[in-house]
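Data first, discussion second: the structure below is written as structure tokens.
Note that this is a predicted model, so its numbers are computed, not measured.
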Amino acid sequence: VMGGNDTPSRASFDAIRTIFWSIVKRNLDTRQESRLSVSPITATKESQMTDLSGRTALVTGGAQGLGEGMARALAAAGAKVAVADLKDDQGAKVAESIGGTFVHLDVTDDASWEAGAAAAVDALGGLDILINNAGVKITSLVTELDPNDVKKMLEVNVLGTALGLKHGLRTMRPDGAAGNGGVIVN
């Protein structure tokens with residue numbers, strides 16, 4: 001359910017937050033404890049917030065919308081967060097406001113992903129969580145569809161997600177730059 005200005009309604013935001021935290025918690029809890037350098041994540045009923053102290057996260061499309069919300073939620077839960085986006089000014093402001101770092105990232109470009117993942121690992125000291133959030137939508141009527149808009153949507157939403165998986169897995173795998181496993185949320 002969307003509210004005015006294409007923003008999620010409060011009920012929609014609460015549902016997304018609940019799903020988001022359950023996915024992150026379930027996936028991080030399944031990692032081998034012997035390989036973790038931080039304690040297992042916990043949640044308190046009072047805060048309904050997961051403790052991600054000592055964890056690191058990269059959020060694509062983090063300059064606005066749901067990506068910004070997820071970056072803020074991760075930071076509030078104690079994670080060190082890298083906000084990744086093409087919108088440098090907006091992304092840098094979000095990153096600064098949450099005590100994180102900004103990474104310029106074009107999710108449709110393989111080399112940009114390689115550089116962005118490396119920059120996030122360098123800035124954060126690792127990578128435990130990748131939120132593959134960047135996406136675009138088409139708002140025109142089907143009868144007015146521009147083929148270039150469809151191509152852009154497919155590049156960002158499909159190719160960008162696939163490249164995120166590729167570089168996230170390469171970074172998090174045992175012989176990767178971060179090497180402790182992790183969770184990827186698409």
Side-chain angles (χ1 to χ4, degrees), residues 16 20-21 23-25 27-28 31-32 35-39 41 49-137 152-186:
I16 291 167
F20 171 74
W21 285 123
I23 290 168
V24 170
K25 181 177 180 355
N27 286 289
L28 284 176
R31 295 187 342 178
Q32 295 176 358
R35 299 184 57 186
L36 294 175
S37 59
V38 294
S39 62
I41 60 176
M49 183 69 72
T50 300
D51 179 12
L52 295 176
S53 299
R55 308 290 183 167
T56 58
L58 173 65
V59 180
T60 68
Q64 63 184 13
L66 290 175
E68 178 183 354
M70 287 186 262
R72 291 185 184 286
L74 288 162
K80 294 189 290 184
V81 179
V83 174
D85 210 295
L86 283 175
K87 298 175 180 174
D88 295 341
D89 291 341
Q90 282 180 264
K93 285 179 186 174
V94 171
E96 182 180 343
S97 74
I98 62 172
T101 189
F102 176 73
V103 174
H104 178 86
L105 177 62
D106 176 355
V107 297
T108 68
D109 183 74
D110 199 43
S112 185
W113 262 110
E114 189 169 339
V121 169
D122 288 345
L124 303 174
L127 185 62
D128 299 304
I129 303 164
L130 168 61
I131 306 298
N132 234 350
N133 170 73
V136 297
K137 64 181 177 179
K152 181 67 172 177
M153 182 187 68
L154 291 172
E155 285 180 354
V156 173
N157 298 359
V158 178
L159 177 60
T161 300
L163 291 175
L165 287 166
K166 172 185 173 180
H167 290 281
L169 291 170
R170 282 184 175 181
T171 302
M172 294 176 189
R173 69 184 176 191
D175 62 341
N180 287 326
V183 58
I184 298 174
V185 179
N186 291 321

With distance as the sole test, does [X] use its side chain to make a donor-acceptor pair with the main-chain N or O of [Y] at under 3.5 Å?
| X | Y | answer |
| --- | --- | --- |
| K80 | L124 | yes |
| T171 | A117 | no |
| W113 | V107 | yes |
| T56 | D128 | yes |

Q: Would you please name every residue forming a salt bridge (Lys or Arg N to Asp or Glu O under 4.0 Å) with D122, sequence neighbours left out?
A: none
Any side-chain heavy atom of [X] within less than 4.5 Å of one from [Y]?
| X | Y | value |
| --- | --- | --- |
| L58 | I129 | no |
| M70 | N133 | yes |
| V103 | V83 | no |
| L154 | L159 | no |

Q | Residue pairs involving residues 157-166 (criterion side chain to side chain donor-acceptor pair (under 3.5 Å); sequence neighbours excluded) | A | D110-K166
With [X], which residues qualify under side-chain contact (heavy atoms from CB on, under 4.5 Å), at least two apart?
| X | answer |
| --- | --- |
| D85 | A63, K87, F102 |
| L86 | H104, D106 |
| A75 | V81, I98 |

Q: Any chance you could measure L165, atom CG, to L130, atom CG, to the nearest 0.5 Å?
A: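 These two atoms lie 7.5 Å from each other.
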Q.
Distance check, rounded to the nearest 0.5 Å: E155 atom CD versus L163 atom CG?
A. 10.5 Å
(Q) According to side chain to side chain donor-acceptor pair (under 3.5 Å), who are the partners of N186, at least two apart in sequence or on a separate chain? (A)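 N186 satisfies side chain to side chain donor-acceptor pair (under 3.5 Å) with N132 only.
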(Q) Quick check on E114: does its CD atom have over 12 non-hydrogen neighbours (other residues, nucleotides or ligands) under 6.0 Å away? (A) no
Q: Apply side-chain contact (heavy atoms from CB on, under 4.5 Å) to T60 and L105, showing your working.
A: CA-CA 8 Å; T60 68; L105 177 62; 3.8 Å; yes
